[in-house]
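Report on the following structure.
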Amino acid sequence: MTEDRRNLVLTGFMGTGKSSVGQHVARALERPFVDMDTLIVEREGMSIPEIFRKRGEDAFRRLERELCRELSAREGLVIATGGGALVDDENRRHMEDGGCVICLDCGAEELVERLGQGEGRPMLRGDDPTERMRELLAARRPAYARIPH
Ligand code: S3P
């Protein structure tokens, strides 16, 4: 049997475990692991909150879009996306073309525990990170539901 060389892509809301699960899966499959946020931070020489603060969310989303295209043209990778990356239909289609996309899920109460005050996560900044998380989760549910696995 020939090995399936398609990328394995893990996506889902912040705190669902994409990076941790991705590292374990990559080790088990003996494949390279790519964490999209980590790669963006390395390339830009700035943390994610800094990118948002200095260049704005649109600039971050552009970097994400370019990276989705770049990675979907490669094969044999285990990829953890940022939580918002595949909310965009075009990004999702690119990743689906290049691999098997799996959406991780997690109960809202557990996410509240895991995300705490939203440290390091600019999408949760504001007076009430938990309320912001619930709003964002509700708004993104339909997009996550479009991912088949
Ligand atoms: C984001 C999630 C973050 C990171 C950025 C935006 C989002 O990744 O890409 O802060 O829009 O949900 P994690 O899901 O790894 O926290």
Side-chain angles (χ1 to χ4, degrees), residues 7-29 31-74 77-149:
N7 294 330
L8 188 61
V9 184
L10 299 174
T11 196
F13 199 73
M14 292 171 261
T16 51
K18 303 176 291 290
S19 303
S20 321
V21 174
Q23 281 173 40
H24 284 292
V25 172
R27 210 172 301 129
L29 297 178
R31 286 182 174 207
F33 174 62
V34 178
D35 185 300
M36 284 182 50
D37 283 344
T38 304
L39 192 54
I40 289 174
V41 167
E42 278 171 15
R43 287 181 176 179
E44 300 307 308
M46 258 188 258
S47 69
I48 302 283
E50 253 182 300
I51 297 174
F52 270 69
R53 201 170 53 244
K54 292 187 177 157
R55 301 199 202 147
E57 182 181 352
D58 286 354
F60 174 74
R61 298 299 172 199
R62 259 195 306 280
L63 294 169
E64 246 181 359
R65 211 171 304 131
E66 287 161 12
L67 195 51
C68 281
R69 274 170 190 62
E70 178 187 326
L71 295 175
S72 61
R74 293 174 58 186
L77 305 174
V78 175
I79 300 168
T81 76
L86 303 199
V87 169
D88 178 276
D89 282 333
E90 216 174 302
N91 289 351
R92 180 173 48 78
R93 278 195 287 270
H94 275 291
M95 286 304 204
E96 282 174 354
D97 285 347
C100 172
V101 185
I102 297 171
C103 186
L104 301 186
D105 201 0
C106 178
E109 294 316 313
E110 176 65 24
L111 285 181
V112 170
E113 290 276 316
R114 290 186 191 178
L115 296 170
Q117 290 306 299
E119 204 51 51
R121 289 185 159 105
M123 292 303 289
L124 299 180
R125 70 173 175 259
D127 295 341
D128 190 344
T130 298
E131 183 52 27
R132 177 78 187 118
M133 185 213 89
R134 291 184 194 282
E135 283 169 10
L136 202 55
L137 190 56
R140 289 181 175 177
R141 280 244 181 257
Y144 292 136
R146 281 194 277 277
I147 294 158
H149 303 290

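Scope of the values below: all heavy atoms of this structure, side chains included, with no hydrogens, waters or symmetry mates. Atoms within each ligand, like the ligands themselves, are counted from 1 in listed order.
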State the atoms of ligand 1, each with its element, that fall below the 4.0 Å cut-off from a heavy-atom position in [X].
| X | answer |
| --- | --- |
| Ile48 | 5 (C), 10 (O) |
| Gly82 | 8 (O), 9 (O), 14 (O) |
| Arg121 | 16 (O) |

(message) On a heavy-atom basis, I'd like to know which of Lys18, Arg140, Met123 is closest to atom 12 (O) of ligand 1.
(response) Arg140
How long is the straight-line distance from [atom2] of [Y] back to [atom1] of [X], given to the nearest 0.5 Å?
| X | Y | atom1 | atom2 | result |
| --- | --- | --- | --- | --- |
| Met123 | Met133 | CE | CE | 13.0 Å |
| Leu10 | Met95 | CG | CE | 10.5 Å |
| Phe33 | His24 | CZ | NE2 | 10.0 Å |

(request) Starting from atom 9 (O) of ligand 1, locate the nearest protein heavy atom and write down its residue, its atom name and how far away it is, to 0.1 Å. (result) Asp37 OD2, 2.8 Å
(message) Check for me whether Arg61 has a heavy atom closer than 4.0 Å to any atom of ligand 1.
(response) yes
(message) Within the structure, is a non-hydrogen atom of Met36 found at a distance of less than 4.0 Å from ligand 1?
(response) no
(request) Answer yes or no: does an N/O atom from Gly12 fall short of 3.5 Å to an N/O atom of ligand 1? (result) no
(message) So for ligand 1, is Gly83 a polar contact partner (N or O within less than 3.5 Å, distance only)?
(response) yes
Is it true that [X] and [Y] have a side-chain N and a carboxylate O under 4.0 angstrom from each other?
| X | Y | value |
| --- | --- | --- |
| Arg93 | Glu96 | no |
| Arg69 | Asp97 | no |
| Asp89 | Arg92 | yes |

(request) Could you tell me how the ring of Tyr144 sits relative to the ring of Phe13: parallel (under 30°), tilted (30 to 60°) or perpendicular (over 60°)? (result) perpendicular
